[in-house]
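Down below is the structure, laid out as structure tokens.
Read the numbers this way: they start at 1 and go in the same order the structure lists the ligands and their atoms.
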Amino acid sequence: MAETARDPGKMQVSDEVAIQITAMNKWYGTFHVLRDINMTVRRGERIVICGPSGSGKSTLIRCINRLEEHQTGQIVVDGTELTSDLKNIDKVRSEVGMVFQHFNLFPHLTILENLTLAPIWVRKTPKKEAEEVAMHYLRKVKIPEQAAKYPGQLSGGQQQRVAIARSLCMKPRIMLFDEPTSALDPEMIKEVLDTMIELAQEGMTMLCVTHEMGFAQAVANRVIFMDQGQIVEQNEPREFFNNPKSERTKLFLSQIL
Ligand code: ADP
Ligand code: MG
């Protein structure tokens, strides 16, 4: 890991609020999946969300870019409140990039085509410019030589880096990651985490659902623990790992560390 990543406090966090969630609740049918969520993310913050399977982590971050709808309370992303108004949703989606466990690349398109598809068709960027931007981000994730290949010709780690580059091509101000390394073989995890560490060092506002606690310790300025739809505990990484307060957090940490 890069040396500068070891002191997360040194990376800049501004006073500006990137995401504000207030008294938010969500149900799937009668199942109360998110319970009274309150959370403020300042610009430049890097937050790791962890917790047992089924605790609502994916649902929470999917609510932030409106892949899921909440029922009560408020979610404000970059100053825009998420309501059922479609215009707002488009604005928010354009500011928020998302990377999933499964890379969701289009198998029949080349890597370059995967990266330029949305810029060309959604943003109406001229093809040549979209390709230049795509190559810039492919260099950034260190696989420019793969541009003409198809996803199936790349390793899992390379495909996930393409997925990150694809998000970056839309110039997001906030990046959401949902277990981006949990489908990868161990030897590929590091290359994806290194890419994420670099993004963090450049000041990207990041919310990462991950159980990579080394990553949390290296770059997070806050770790949030969720259980049964609630935020049970949150703290800066050192305190979170060395001095967990709740029994549920202690039990979870004893199972994963
Ligand atoms: P996590 O990401 O922490 O594993 P999820 O947010 O995926 O948790 O899921 C939280 C709970 O909501 C789980 O009990 C899951 O079964 C349930 N759930 C997730 N998606 C849906 C859905 N579309 N409809 C109904 N229940 C769902
Ligand atoms: Mg999940």
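Every residue two or more places apart in sequence or in another chain that forms a side-chain hydrogen bond (donor to acceptor under 3.5 Å, both in side chains) with Glu16 is listed here: Arg43. Partners of Gln101 under the side-chain hydrogen bond (donor to acceptor under 3.5 Å, both in side chains) rule, at least two apart in sequence or in another chain, are Ser182. In this structure, Gln228 has no side-chain hydrogen bond (donor to acceptor under 3.5 Å, both in side chains) partners at least two apart in sequence or on a different chain.
For ligand 1, one of its N or O atoms has an N or O atom of Gly54 under 3.5 Å away. Close N/O approach between Phe31 and ligand 1 is not found [any backbone or side-chain N/O within under 3.5 Å]. In terms of polar-atom proximity, Glu68 is not counted as a contact of ligand 1, lacking any N or O under 3.5 Å from an N or O of the ligand.
Heavy atoms of other residues, nucleotides or ligands lying less than 6.0 angstrom from CG of Asp15 number 12 at most.
Taking atom 5 (P) of ligand 1 as the reference point, the nearest protein heavy-atom neighbour is Thr59 OG1, 3.7 Å. Atom 8 (O) of ligand 1 has its closest protein heavy atom at Gly56 N, 3.2 Å.
Residue contacts with ligand 1 do not include Gly51, since none of its heavy atoms lies under 4.0 Å from the ligand. Note on ligand 1: Pro52 sits in its first shell, one or more heavy atoms being nearer than 4.0 Å.
Take a cut-off of 2.8 Å around the Mg ion (ligand 2): the protein N, O or S atoms inside it are Ser58 OG.
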